[in-house]
2 protein chains.
Amino acid sequence: MADQGSVRARQVVEVARGVLEREGAGALTMRRIAEELGIQAPSLYKHVPSKSALESAIITSGFEEAAASFAAATEGAADPLAAFVTAYRAFAHAHPHLYRLMTDRPLPRPDLPPGLEGRTAAPLQRATGDPSRARAAWAFIHGMVLLELTGRFPDDGLTEQAWSSGIEAMRPPAPPVP
Amino acid sequence: MADQGSVRARQVVEVARGVLEREGAGALTMRRIAEELGIQAPSLYKHVPSKSALESAIITSGFEEAAASFAAATEGAADPLAAFVTAYRAFAHAHPHLYRLMTDRPLPRPDLPPGLEGRTAAPLQRATGDPSRARAAWAFIHGMVLLELTGRFPDDGLTEQAWSSGIEAMRPPAPPVP
DNA sequence: GTCTATAGTGGGATAGAC
DNA sequence: GTCTATCCCACTATAGAC
């Protein structure tokens with residue numbers, strides 16, 4: 001009953017994430033997940049204790065993937081801030097429903113592996129060089145992504161300009177050249 | 001049947017908005033709204049054609065209030081950008097559930113009064129002086145507000161610094177002084 | 001590990017009487 | 001303008017047999 005670490009449990013999470021990504025949060029039901037696995041919904045409860053635990057597992061998998069992608073994109077990059085923005089924007093656009101699940105509500109922090117949240121944010125901290133600038137930069141990127149995903153911006157070319165002007169504005173001050 | 005302009009219809013919208021603001025989107029059900037009015041849920045359909053039309057009406061009322069507040073805050077202000085940010089942040093924090101309903105999903109544009117969306121955004125356009133900078137500034141403010149509402153930032157003092165550094169970064173370049 | 005059966009709750013919406 | 005009755009849908013979760 002509810003062996004969260006078992007192979008089958010991991011498979012349930014994987015399938016559930018697939019349903020979420022393809023069909024959106026409204027389709028993420030125990031019935032739909034079971035159907036995808038070819039079993040009945042009640043059987044899921046032998047592997048996962050509850051729906052919210054399952055959502056936490058999906059969120060964890062999203063953060064792990066995002067953290068790896070942000071670290072890979074920025075390490076050794078000539079322009080780490082631009083590299084981070086590109087990777088972040090790509091992640092959100094590739095997984096819009098997952099991204100919303102990860103950001104829409106307060107994080108279920110007790111259910112996440114310790115350090116994961118910080119590890120995901122670290123590359124941006126390094127790129128901005130200052131915690132308060134990192135928060136501002138994150139807010140800008142998060143806001144841009146959401147406004148894009150909800151179709152808020154007119155479809156002229158100006159949104160790309162908005163991205164670049166925002167990125168330039170968030171740069172750390174250039175170090176003095178002696 | 002479904003006289004959307006009638007007094008009673010406006011009252012339904014008002015009560016529904018109250019339920020949303022006090023109890024969140026999960027409580028915004030036809031049954032709950034009816035209960036608040038002391039009638040049965042099916043009776044609502046004599047005044048409102050559907051739940052989604054009711055949501056559109058709530059969204060409209062939110063935009064009308066926001067537009068008025070942003071215009072009042074910025075007109076004649078010494079620092080229109082700072083004034084806009086203060087008013088926007090205050091609106092979102094005063095009406096978090098309404099704010100999310102207004103921004104979480106694609107706007108039901110066909111159901112909104114023409115020009116309302118643009119009127120709401122106009123004060124920020126004026127304050128930034130440039131459409132692409134306005135989008136970047138909006139994204140920053142929207143992102144900050146959401147990250148605050150979802151409890152993403154640690155509760156140290158740095159978030160206020162993030163607000164100010166972001167605002168300064170979004171300012172239009174100073175006009176050349178002859 | 002899966003099944004059936006079921007409890008319990010909630011939702012949006014319609015028909016037709018008054 | 002409100003009511004009752006009702007439909008049909010959906011969901012999470014548990015118990016107990018196999």
Side-chain angles (χ1 to χ4, degrees), chain A residues 1-60 97-98 100-101 104-106 108 110-111, chain B residues 1-60 97-98 100-101 104-106 108 110-111:
Chain A
M1 40 142 92
D3 284 340
Q4 288 200 71
S6 73
V7 175
R8 193 66 164 147
R10 278 193 294 272
Q11 191 186 5
V12 169
V13 175
E14 194 177 306
V15 165
R17 178 173 156 176
V19 170
L20 169 69
E21 297 213 36
R22 284 191 308 277
E23 305 172 37
L28 190 65
T29 69
M30 299 306 267
R31 290 179 195 322
R32 182 78 192 75
I33 296 161
E35 183 191 346
E36 202 88 351
L37 281 160
I39 66 177
Q40 299 298 316
S43 304
L44 291 171
Y45 290 89
K46 298 290 183 182
H47 310 287
V48 173
S50 68
K51 194 192 175 187
S52 85
L54 180 52
E55 289 172 339
S56 292
I58 297 173
I59 291 170
T60 297
H97 297 297
L98 174 61
R100 300 198 77 122
L101 184 69
D104 258 358
R105 31 175 141 174
D111 298 345
Chain B
M1 39 138 92
D3 284 340
Q4 288 201 69
S6 73
V7 174
R8 191 64 162 151
R10 277 193 293 272
Q11 191 186 4
V12 169
V13 175
E14 195 177 305
V15 165
R17 178 173 157 175
V19 170
L20 169 70
E21 298 213 39
R22 284 191 308 276
E23 305 173 35
L28 189 65
T29 68
M30 300 305 271
R31 285 167 160 78
R32 183 77 191 76
I33 296 161
E35 184 191 344
E36 203 87 353
L37 282 159
I39 63 177
Q40 298 300 314
S43 303
L44 292 171
Y45 290 89
K46 299 289 183 182
H47 309 287
V48 173
S50 69
K51 194 193 174 188
S52 86
L54 180 51
E55 289 171 339
S56 293
I58 296 173
I59 291 170
T60 297
H97 298 295
L98 173 61
R100 301 200 76 123
L101 184 69
D104 258 359
R105 34 174 137 175
D111 298 346

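Values in this document were obtained by computation on a predicted structure and should not be read as measured data. Labels below follow one simple rule: chain letters A, B, ... track the order of the sequence lines, proteins then strands, and each chain is numbered from 1. Worth knowing before you read on, the calculation uses all heavy atoms, side chains too, and leaves out hydrogens, waters and symmetry mates.
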Working to the nearest 0.5 Å, report the span between CZ of R17(A) and CD1 of I58(A).
9.0 Å

Residues at least two apart in sequence or cross-chain that pass salt bridge (charged side-chain N to carboxylate O under 4.0 Å, His left out) with D111(B), listed by chain then number, are none

What is the distance, to the nearest angstrom, from the CG atom on L44(B) to the P atom on dA13(C)?
11 Å

Take L37(B) and H47(B), measure what side-chain contact (heavy atoms from CB on, under 4.5 Å) needs, and give me the verdict at the end.
CA-CA 13 Å; L37(B) 282 159; H47(B) 309 287; over 6 Å; no

Expressed as a whole number of angstroms, how long is the span from E35(B):CD to dC3(D):P?
13 Å

Please list, one pair per line, the donor and acceptor atoms closer than 3.5 Å that link side chains of residues 24-32 of chain A to other protein atoms, with sequence neighbours excluded.
{"unit_1": "T29(A)", "atom_1": "OG1", "unit_2": "R32(A)", "atom_2": "N", "d": "3.0"}
{"unit_1": "R32(A)", "atom_1": "NE", "unit_2": "E23(A)", "atom_2": "OE1", "d": "3.0"}
{"unit_1": "R32(A)", "atom_1": "NE", "unit_2": "E23(A)", "atom_2": "OE2", "d": "3.4"}
{"unit_1": "R32(A)", "atom_1": "NH1", "unit_2": "E36(A)", "atom_2": "OE1", "d": "2.7"}
{"unit_1": "R32(A)", "atom_1": "NH2", "unit_2": "E23(A)", "atom_2": "OE2", "d": "2.7"}
{"unit_1": "R32(A)", "atom_1": "NH2", "unit_2": "E36(A)", "atom_2": "OE1", "d": "3.0"}

In whole Å, I'd like the distance from the CD atom of Q4(B) to the P atom of dG1(D).
14 Å

When rounded to the nearest 0.5 angstrom, what is the spacing between CD1 in I39(A) and CD in E35(A)?
11.5 Å

Using a cut-off of 4.0 Å between protein heavy atoms and nucleotide atoms, how would you tag nucleotides 4-18 of chain D 5' to 3' with B, S and -?
BB-----BBBB----

